[in-house]
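The basis for the numbers below is simple: all heavy atoms, side chains too, and nothing from hydrogens, waters or symmetry mates. Just so you know, residue 1 is the first one in the sequence shown, and it goes up from there.
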Amino acid sequence: MKRFLFAVAAILSLPACAQAPQPARVEPAAAAPAAAKPAIGSAPVVAAGSAEARAVAAVRALNSAADIEKVGAAPLPGFREALVQGQVVYVSDDGEYLFLPGTGGALFNIKAKRNLTQDSIAVVRRELVNTIPASERIVFAPADPKYTVTVFTDAECGYCRKLHSEIAEYNRQGIAVEYVAFPRMGIGSEDYRKMVSVWCATDRRKALTDIKAGRDLPAATCNNPVERHYRLGERIGVGAFGTPSVFTADGVQLGGYLPPTQMREALEKLAAQAAVSPAMPAPAAAAGGR
């Protein structure tokens, strides 16, 4: 990944109101380039009011320090092509949208500072995660949670164990943790058998706590949802993220392990961002189920 992409991701993790757009470096077409490199990063000379000027302004709005090496015509009608720190990006001629192509690429709304691709993925993830009924989840929650996260977990990973060792503090931070199973070593593995034993235990909460503390758990089998959870996790990318994999109630993937205070802060930022610039609405078909 290029530095520009990382910078964009960092900005989009903040509330939309937290970053004021930076002005483009716009000069008359005949003006000579400044001898010294601007503090906010280099950019080609562009004509005021042009599509190229709007492309520069769009990149600046997402990363004021980016080096813009070239701006010109794009093979995609209605867009300008820019070379930003070695990465090609496409900006709509009105300066409203920026597209990062390639693996991990995304479409951004510049004004709202939203990753529209991630918003769409979050809708799909939310729909899929919501198909897991409450009866299949192992829940650790405070009396009146402010936030709820779904955590795909397994019996073996160190960070899964670390997260669970701090479960009381997550609850004190107002976060309800709802566990579902993702035996990362695959179906039929020892990890899988341990997860089945947890979900087949009379007291699932105690069984999960015991196994994450390294204590032996009696082997058990029953009609269980572990394989179904695993298959669903694969569909939403948990295999790539690894475990623990934490999802908000809106389907946003928070990453892996976050300390309790940092998780609360991340959830607060997302809530603030949603209040300023709501995400894309769920497709109409989602309301009736599929």
Side-chain angles (χ1 to χ4, degrees), residues 1-26 40-41 43 46 49-68 70-85 87-127 236-237 247-255 266-287:
M1 290 291 180
K2 304 296 184 182
R3 288 176 294 160
F4 176 66
L5 180 56
F6 283 125
V8 167
I11 290 171
L12 292 176
S13 70
L14 298 174
C17 61
Q19 293 287 331
Q22 299 294 319
R25 177 177 173 263
V26 179
I40 61 173
V46 293
S50 66
E52 287 78 9
R54 288 188 288 274
V56 169
V59 172
R60 286 278 180 263
L62 291 177
N63 182 0
S64 62
D67 289 327
I68 306 171
K70 178 182 177 183
V71 180
L76 183 65
F79 281 77
R80 297 291 95 182
E81 181 178 275
L83 184 62
V84 183
Q85 297 183 185
Q87 179 164 357
V88 173
V89 301
Y90 297 97
V91 182
S92 60
D93 287 345
D94 60 7
E96 293 290 323
Y97 299 95
L98 181 146
F99 176 62
L100 285 166
T103 303
L107 178 66
F108 298 95
N109 181 308
I110 305 299
K111 183 177 181 180
K113 290 188 171 62
R114 293 202 70 94
N115 181 334
L116 301 182
T117 302
Q118 191 62 45
D119 285 348
S120 296
I121 293 172
V123 169
V124 174
R125 288 174 178 156
R126 183 186 67 208
E127 291 177 359
I236 64 174
F247 293 86
T248 72
D250 291 328
V252 176
Q253 206 272 336
L254 283 183
L267 291 165
E268 287 173 345
K269 284 182 179 180
L270 287 170
Q273 181 177 359
V276 173
S277 178
M280 294 172 58

Please test Gln118 against Arg125 for side-chain contact (heavy atoms from CB on, under 4.5 Å), starting from the C-alpha separation and ending with a verdict. CA-CA 10 Å; Gln118 191 62 45; Arg125 288 174 178 156; 3.0 Å; yes
At their closest point, which heavy atom of Ala74 faces which heavy atom of Arg80, and how far apart are they? CB-C, 3.7 Å
To the closest 0.5 Å, what do you measure between OG1 (Thr248) and CG (Leu254)? 6.0 Å
Taking the side chain as every heavy atom from C-beta outward, state whether Val71 and Val56 have any pair of such atoms under 4.5 Å apart. yes
Validation row: Phe99, Val91 side chains within 4.5 angstrom (heavy atoms): no
Looking at Val88 and Pro101, what are the two nearest heavy atoms and their distance? O-CD, 3.2 Å
Return yes if some donor-acceptor pair links the side-chain N/O of Asn63 with the main-chain N/O of Ala65 below 3.5 Å, else return no. yes
Taking all non-hydrogen atoms of both residues into account, name the closest pair between Ala58 and Gly95 and its distance. CB-O, 3.9 Å
What closest approach, in Å, do Ser92 and Glu96 show between heavy atoms, and which atom pair accounts for it? OG-N, 3.2 Å
Test log, rule side-chain contact (heavy atoms from CB on, under 4.5 Å), inputs Leu270 and Val252: CA-CA 9 Å; Leu270 287 170; Val252 176; 4.1 Å; yes
Using a 3.5 Å distance criterion without hydrogens, assess whether the side chain of Thr117 forms a donor-acceptor pair with backbone atoms of Leu107. yes
Minimum side-chain heavy-atom gap Tyr97-Leu116 below 4.5 Å: yes
Are any of the side-chain heavy atoms of Val124 and Ile236 separated by less than 4.5 Å? no
Quick check against the 3.5 Å criterion: does Arg60 have a side-chain atom that pairs as donor or acceptor with the backbone of Ala55? no
For the pair Asp94 and Arg54, find out whether any cationic side-chain nitrogen is under 4.0 Å from an anionic carboxylate oxygen. no
Does Asp67 reach the side chain of Val84, with side-chain heavy atoms less than 4.5 Å apart? no
Using 0.5 Å steps for rounding, measure from the CG atom of Asn109 to the CG atom of Asp119. 9.0 Å
Hey, does the side chain of Ser50 reach the backbone of Val46 with a donor-acceptor pair shorter than 3.5 angstrom? no
Quick check: closest heavy atoms across Asp93 and Phe79, and the distance to 0.1 Å? OD1-C, 3.3 Å
